[in-house]
Every structure is written in structure tokens, then in C-alpha cells.
Amino acid sequence: ASTWNALIAMSVEHGCAKQALEYLQKMQNEGIKPTAVSFVCALKACLSLNDLEEGQKVHTQIAKVGMDSDLYIGNTLIDMYGKKGCLMDAFAVFEMMQKRDVVTWTALISRLVHHGLELDSLVLFEQMRQQGMKPNQITFGCILKACANLPALEQGKQVHALVIEQDLELDWYVASALIDMYSNCGTLDRACVIFERLPHKSVVTWNALLAGYVQHDLGLKVLQAFRHLEQEGIEPD
RNA sequence: GGCGUAUAU
């Protein structure tokens with residue numbers, strides 16, 4: 001099965017999703033049982049083909065062989081249904097899962113935010129923490145985006161406090177989310193403080209700051225910052 | 001044990 005899985009995974013990775021699904025079928029025709037890895041890759045293939053129906057078929061197959069308790073499969077199903085806008089299905093999978101990890105929670109939170117359900121994402125984030133699940137950089141990125149979209153400065157500040165608790169304020173990914181959140185909440189000064197504190201600035205954090213200036217119609221600041229960025233030898237993208 | 005899942009502009 002691992003040989004087949006390698007074929008399936010490679011096909012998906014190289015954008016040959018159709019072929020990946022063919023391999024899944026072929027391995028079964030040859031009497032080889034797909035593993036959790038096969039199914040995760042197949043679901044990913046369905047998502048990249050934008051084929052929800054095929055994804056549902058794979059889901060049914062997964063349920064038949066009793067593999068829907070696999071953590072990775074559950075997480076991938078949440079992602080697939082969420083990205084197809086089937087939030088109810090994503091939530092149903094979430095509810096059914098026996099074990100959840102930080103990816104499970106983050107995947108659902110991420111989809112809620114993308115669908116304009118920022119308030120629900122905040123509730124879910126709170127539940128996650130109450131159950132003792134520690135958010136990671138990606139979780140913080142998503143939840144800060146929720147605060148930025150609303151915008152919700154007070155909630156954003158509370159999340160910021162948690163970021164500091166976990167010593168993630170200097171993480172480039174979290175930092176750019178903080179910058180984005182503060183500038184979106186109309187507090188560009190706070191965004192600048194985060195930026196200034198960063199010892200290693202990357203194109204991502206610079207972009208977040210530039211976007212803030214643009215949003216606040218500070219054209220001159222944008223140009224100044226851009227020149228500064230070039231002086232530091234950072235490649236704009 | 002490894003491989004497969006969430007992630008900004």
C-alpha cells in the first residue's frame with residue numbers, strides 16, 4: 001500500500017489530482033486496501049479538482065471501512081467541506097471526531113473566518129482554550145484575522161496577550177497578523193510598535209505594514225517605508 | 001518511527 005500511497009501523494013503534489021484518484025481505484029482493483037494516507041491524499045485531490053461529489057464518495061468509502069476516526073482524515077474532511085462552503089458538514093465531522101488536535105480546531109476556525117463568521121470563530125477559539133488545547137502560530141493567525149475583519153480591537157488585544165504569554169510575538173507569521181489586526185482596527189500606532197520590535201523583518205511583515213499605510217491613505221509613508229525596505233536589502237514581492 | 005491534514009498580503 002505504501003507504494004500506491006507514494007504514487008497517489010506524488011500525483012496530488014504535482015497537480016495530477018485526476019490521476020491520484022485513478023491510482024486509488026486501481027489499488028483497490030488489485031485487492032490492496034487503502035490506508036488513512038491514501039484517503040487523505042484522495043480527499044485533497046477531490047478538493048483541488050473542485051469535485052465535492054467525488055469527495056463525498058470518498059467520505060462514504062472511509063466511513064464504510066471505519067476509518068473516519070482517524071485524526072488526519074477528520075481534519076482533511078473538515079478542510080474539504082469548509083473550503084467547499086459546506087460548513088454544516090464540516091461541523092458535523094468536527095462533532096463526530098473522538099480525538100481533536102490543534103489542527104482540527106484551527107481548520108474549522110479558519111473556515112469560519114473565511115466565510116464571514118468571525119464571531120463564531122471567536123466562540124470556537126474560546127471553547128478550544130477552555131478544553132485545554134493550546135493554539136499555535138497558525139491558530140493565532142486565523143483568529144487575529146477574525147479580529148481584523150470585524151474589526152474587534154478589544155478581542156484583538158486579548159488575543160495579543162495570549163500571544164505574549166506563549167512568547168510568539170516575534171514570530172514573523174504571528175507578528176504580521178498582529179500588524180494587520182491593529183492597522184485594520186484603526187490603531188496604526190500599535191501596529192508600528194509590533195513592527196519596530198521585530199529584530200528580523202521579512203517581506204511578509206513589511207507587506208503587512210505597507211497595507212496598513214495604504215488603508216490609512218498614508219501614501220507618503222508607503223513610499224518612505226518602501227524605500228526603507230529596499231535599503232534593508234529585502235526583495236519586494 | 002517515517003510519509004498524508006489547518007496557515008497571511
Side-chain angles (χ1 to χ4, degrees), chain A residues 1-14 17 20 23-24 27 34-48 55 58-59 62 67-83 87 90 93-94 97 99-115 121 124-125 128 133-149 163 168 171-184 191 194-195 201-215 222 225-226 229 234-237:
Chain A
S2 53
T3 310
W4 286 101
N5 285 348
L7 281 173
I8 296 172
M10 270 187 54
S11 305
V12 179
E13 204 175 328
H14 290 113
Y23 281 134
L24 180 73
M27 81 187 280
T35 67
V37 174
S38 332
F39 285 127
V40 167
C41 295
L43 289 171
K44 228 180 133 179
C46 297
L47 184 62
S48 72
V58 176
H59 186 178
I62 289 167
M67 269 205 243
D68 37 5
S69 57
D70 181 272
L71 187 58
Y72 274 50
I73 287 183
N75 292 348
T76 310
L77 282 169
I78 290 175
D79 182 53
M80 181 189 76
Y81 283 129
K83 283 181 178 158
L87 291 179
V93 171
F94 178 85
M97 288 174 74
K99 286 191 176 177
R100 296 170 190 153
D101 66 1
V102 63
V103 175
T104 316
W105 289 91
T106 306
L108 192 54
I109 286 172
S110 161
R111 291 348 292 173
L112 291 177
V113 176
H114 277 274
H115 283 87
S121 78
L124 204 62
F125 181 69
M128 169 185 185
M133 187 63 69
K134 207 168 142 189
N136 64 14
Q137 289 95 320
I138 300 175
T139 321
F140 281 125
C142 294
I143 210 66
L144 285 168
K145 187 164 178 49
C147 298
N149 288 350
V163 166
L168 289 173
D171 178 277
W172 65 267
Y173 181 73
V174 176
S176 68
L178 281 169
I179 291 170
D180 183 52
M181 183 275 291
Y182 278 127
S183 72
N184 251 291
I194 303 286
F195 183 81
K201 307 182 184 358
S202 73
V203 66
V204 179
T205 43
W206 272 106
N207 283 348
L209 187 73
L210 288 172
Y213 284 149
V214 171
Q215 208 157 29
V222 174
F226 192 81
L229 173 158
I234 291 175
E235 276 293 317
D237 66 3

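Chain A is the first sequence line, chain B the second, and so forth, proteins listed ahead of strands; every chain is numbered from 1.
- Rounded to an integer number of Å, the gap from L210(A) CG to A8(B) P is 19 Å.
- As judged by a 4.0 angstrom heavy-atom cut-off over every strand, D79(A) is placed among residues touching the sugar-phosphate backbone only.
- The CD atom of E235(A) sits 17 Å away from the C1' atom of U9(B) (whole-angstrom rounding).
- The interatomic distance linking N184(A) (CG) with U9(B) (C1') rounds to 12 Å, in whole Å.
- Listed nucleotides A8(B), A6(B), C3(B) differ in distance to K83(A); the shortest reach to its side chain belongs to A6(B).
- Here A36(A) lies in heavy-atom contact (under 4.0 Å) with a base.
- Distance CE (M67(A)) to P (G4(B)): 17 Å, rounded to an integer number of Å.
- Closest to the side chain of K145(A), from the set A6(B), C3(B), U9(B), is U9(B).
- The distance from the CD1 atom of I8(A) to the OG1 atom of T3(A) is 10.5 Å, given to the nearest 0.5 Å.
- Comparing A8(B), U5(B), A6(B) by their closest approach to the side chain of N136(A) singles out A6(B).
- Here the P atom of nucleotide U5(B) and the CZ atom of R111(A) are 15 Å apart, to the nearest Å.
- Shown here for H115(A) and G82(A), the closest heavy-atom pair between the two residues is CE1-O, 3.0 Å.
- Note that CE of M128(A) is 9.0 Å distant from CD1 of I143(A), once rounded to the nearest 0.5 Å.
- Nucleic acid contact class of S176(A) (heavy atoms, under 4.0 Å, all strands): none.
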*Pair S2(A)-N5(A), side-chain hydrogen bond (donor to acceptor under 3.5 Å, both in side chains): steps then yes or no*: CA-CA 5 Å; S2(A) 53; N5(A) 285 348; over 6 Å; no
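- Under the rule for a side chain to side chain donor-acceptor pair (under 3.5 Å), S176(A) has no partner lying at least two apart in sequence or in another chain.
- Within residues 68-77 of chain A, the residues approaching RNA chain B are D70(A), Y72(A), N75(A), T76(A), by heavy-atom distance under 4.0 Å.
- Rounded to whole angstrom, the span from the CG atom of D101(A) across to the C1' atom of A6(B) amounts to 9 Å.
- Here the P atom of nucleotide A6(B) and the NZ atom of K134(A) are 22 Å apart, to the nearest Å.
- Side-chain contact of N136(A) with T139(A): a donor-acceptor pair under 3.5 Å is present, judged by distance alone.
- Using the six-membered ring where Trp is involved, F94(A) and W105(A) have ring planes that are perpendicular, over 60° apart on the 30 and 60° scheme.
- Regarding N5(A), its CG atom lies at a distance of 16 Å from the P atom of G2(B), rounded to whole Å.
- For the pair K44(A) and U5(B), the criterion of a side-chain N or O lying under 4.0 Å from OP1 or OP2 is met.
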